[in-house]
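FYI, the numbering just counts along the sequence from 1.
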Amino acid sequence: MQINSPKIWKHLLKAPDSDAHKYDRGHALIHGAFELTGATHLAASACSRIGAGLTTVVAPETADLYRTILPPDIMVRNKAGDELKRVSAILAGPGGAHKDQIAEALHNPYGASCILDANAIPAVNEGLYPFALAQNILTPHEGEFARAFPMLSGERAEKAVSAAKITGCIIVLKGKETIIAHPDGRSIANQHASPWLAKAGTGDVLAGMITGLAAQGLPLFEVCAAACWLHGEAGKRIGAGLVASDMEKILGAILQDQIA
């Protein structure tokens with residue numbers, strides 16, 4: 001197992017070309033929560049800030065609310081469809097997701113990578129696994145992992161690798177030490193973190209960061225490692241008094257320090 005550090009992924013973070021347009025930097029689609037809308041706000045803001053060229057929130061029942069509360073650079077639509085161009089990464093789960101949102105994310109017509117968080121992570125007994133090898137990412141905390149994979153036991157790293165092999169997905173098992181596991185057996189331990197991250201909403205920020213980097217077409221295993229390290233760095237820099245909404249505001253400065 002590798003210990004996470006910028007040497008694993010820093011070479012992938014580059015400034016845009018001088019003639020780049022927004023779709024060159026990827027289009028992220030986020031399924032909006034119906035009730036816990038703040039979680040979607042955190043995820044979408046982090047997704048845009050980490051570099052996705054365009055971030056769109058789809059919210060059939062609450063679109064007008066999201067148009068009011070989200071930053072103006074984030075598009076809001078009542079439904080997904082053909083008018084959404086070049087979608088390259090999809091996120092469902094922050095704040096909760098309905099089954100139709102999960103199905104729409106997994107079986108999207110764009111061929112986009114799918115990031116599933118919180119209750120959007122299917123349990124192994126639902127019969128949806130395995131997915132295409134390492135095209136999708138699951139980001140459970142310990143409780144969500146136990147719900148999805150009740151038959152797995154042992155050391156956290158072993159469980160994460162086993163879940164990755166079963167599902168065909170990259171697993172980001174969140175915690176004091178976050179384990180990033182690939183279906184081929186590789187794993188990375190992220191120890192670059194802060195206890196101040198034990199706060200509501202910080203997982204939504206991480207999901208948004210992963211989605212924003214994935215949208216840019218970067219290798220997904222390294223995307224997860226980079227997002228976890230940058231997320232931990234935000235926790236270290238903010239420290240005492242951290243709330244999740246603080247993190248998005250300093251991501252630009254943290255990212256700038258790592259751009260090759």
| Does the side chain of His31 reach to within under 4.5 Å of the side chain of Ile90, using non-hydrogen atoms? | yes
| request: Please tell me if the side chains of Trp9 and Asn4 come closer than 4.5 Å, counting only heavy atoms from C-beta onward. | output: yes
| message | Less than 4.0 angstrom from a charged side-chain N to a carboxylate O is my criterion; do Lys159 and Glu142 meet it? | response | yes
| field | Test item: Glu158 side-chain N/O and Leu152 main-chain N/O as donor-acceptor pair under 3.5 Å | value | no
| Minimum side-chain heavy-atom gap His41-Pro71 below 4.5 Å | yes
| Should we say atom NZ of Lys99 is surrounded by more than 12 heavy atoms from elsewhere, each under 6.0 Å from it? | no
| Do Met247 and Leu197 have side-chain heavy atoms sitting under 4.5 Å apart? | yes
| message | Between the side chains of Lys174 and Asp117, is the shortest nitrogen-to-carboxylate-oxygen separation below 4.0 Å, so that they form an ion pair? | response | yes
| message | Give me the atom names and distance for the closest heavy-atom approach of Ile170 to Phe221. | response | CD1-N, 3.5 Å
| Sub-4.5 Å side-chain heavy-atom contact between Ile238 and Trp196 | no
| task | For Tyr129 and Cys169, indicate whether the former's side chain and the latter's backbone hold a donor-acceptor pair under 3.5 Å. | result | no
| If we only count heavy atoms from C-beta on, is the Gln258 to Trp229 side-chain gap below 4.5 Å? | yes
| Any side-chain heavy atom of Leu12 within less than 4.5 Å of one from Pro219? | yes
| Do you see a donor-acceptor pair shorter than 3.5 Å between the side chains of Thr202 and His231? | no
| task | Go through the steps to decide whether Asp257 and Arg237 satisfy the test salt bridge (Lys or Arg N to Asp or Glu O under 4.0 Å), and finish with yes or no. | result | CA-CA 13 Å; Asp257 290 343; Arg237 292 196 189 187; 2.7 Å; yes
